[in-house]
Amino acid sequence: MSDSAQHRRYRALFLSDIHLGTRGCQADLLLDFLKLNDAETVYLVGDIVDGWRLKRSWYWPQEHNDVVQKILRKGRKGSRIVYAPGNHDEFLRDFLGTHFGGIEVVDTIVHEAADGRRYLVIHGDQFDVVIRHAKWLAFFGDKAYGLALNVNTVLNLVRRKLGLTYWSLSAWAKLKVKNAVSFIGRFEEALSDEARRRGVDGVICGHIHHAADRDIDGVHYINTGDWVESCTAVAEHHDGTFEVIRWVRPEQQVDPVPANQSQVAA
Ligand SMILES: [Mn+2]
């Protein structure tokens with residue numbers, strides 16, 4: 001089959017947690033994906049470049065360059081590229097509201113789907129603190145909740161100044177496998193609560209390396225997954241429906257892969 005036959009153009013594509021600059025990043029698979037998939041708008045939903053890791057030891061093979069070039073090229077060829085940084089690329093949070101190389105940098109943004117539904121696009125690390133202290137935050141209410149989000153930002157700014165790594169709840173939870181399941185559940189709940197609070201229909205996020213597309217109490221919760229473990233992206237079709245794409249090596253692409261069936265244990 002030729003490339004043009006396999007080539008797809010979606011209304012929007014959402015990618016997160018690529019972690020360029022780390023050995024775990026599956027750049028070869030991502031290049032393959034980017035070659036065959038295009039969109040009117042490409043959202044980079046955080047942790048695209050792993051600034052924390054790069055600061056400690058420089059790892060930047062040609063393939064990682066190629067990924068950046070491929071994304072910039074999509075911008076030049078007419079795709080709108082929107083970048084909402086995460087915790088690993090939070091150095092870009094100093095550039096919110098700016099453009100570079102044709103890329104818009106935003107903290108969060110609302111994406112309007114073809115069917116009119118509105119989605120909050122956000123990396124999601126902003127809610128680590130909320131998840132950790134869900135009980136007392138619920139008790140003290142909205143003000144404490146807003147305060148906790150600010151504390152999280154300041155805390156990590158201080159850690160950065162001290163040269164410590166960003167404290168990552170997801171990394172911590174993964175070390176303790178039995179906590180991971182409840183962590184994922186609470187993350188999904190916190191993000192869908194935020195969508196409800198903001199009066200939108202759904203949320204599209206990343207951060208926990210766990211792709212999803214489901215309804216949580218009337219909120220459409222979508223997670224883009226990652227390009228370290230599961231190699232997933234989310235596409236919006238031209239009718240406003242969404243799909244989790246799980247990308248596998250070309251030689252394995254015999255049958256279409258069921259969207260919600262995990263091939264790799266997260
Ligand atoms: Mn993250």
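Just follow the structure's listing: the first ligand is 1, and inside any ligand the first atom is 1. Quick caveat: nothing in here was measured; it's all calculated off a predicted structure.
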> Are Asn65 and Gln69 close enough that a side-chain donor and a side-chain acceptor fall under 3.5 Å?
Replying inline: no

> Just checking, any donor-acceptor pair under 3.5 angstrom between side chains of Asp213 and His220?
Replying inline: yes

> Does Thr108 reach the main-chain N or O of Val121 with its side chain, forming a donor-acceptor pair under 3.5 Å?
Replying inline: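 The answer is no, because no donor-acceptor pair under 3.5 Å joins these two groups.
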
> Would you say Glu40's side chain and Ala12's backbone share a donor-acceptor pair under 3.5 angstrom?
Replying inline: no

Within [X], is some N, O or S atom less than 2.8 Å away from the Mn ion (ligand 1)?
X: Asp125; value: no
X: His123; value: yes
X: Asn87; value: yes

> When you draw lines from the Mn ion (ligand 1) to OD2 of Asp47 and to ND1 of His207, what angle lies between them, to the nearest 10°?
Replying inline: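 OD2 of Asp47, the Mn ion (ligand 1) and ND1 of His207 span an angle of about 160°.
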
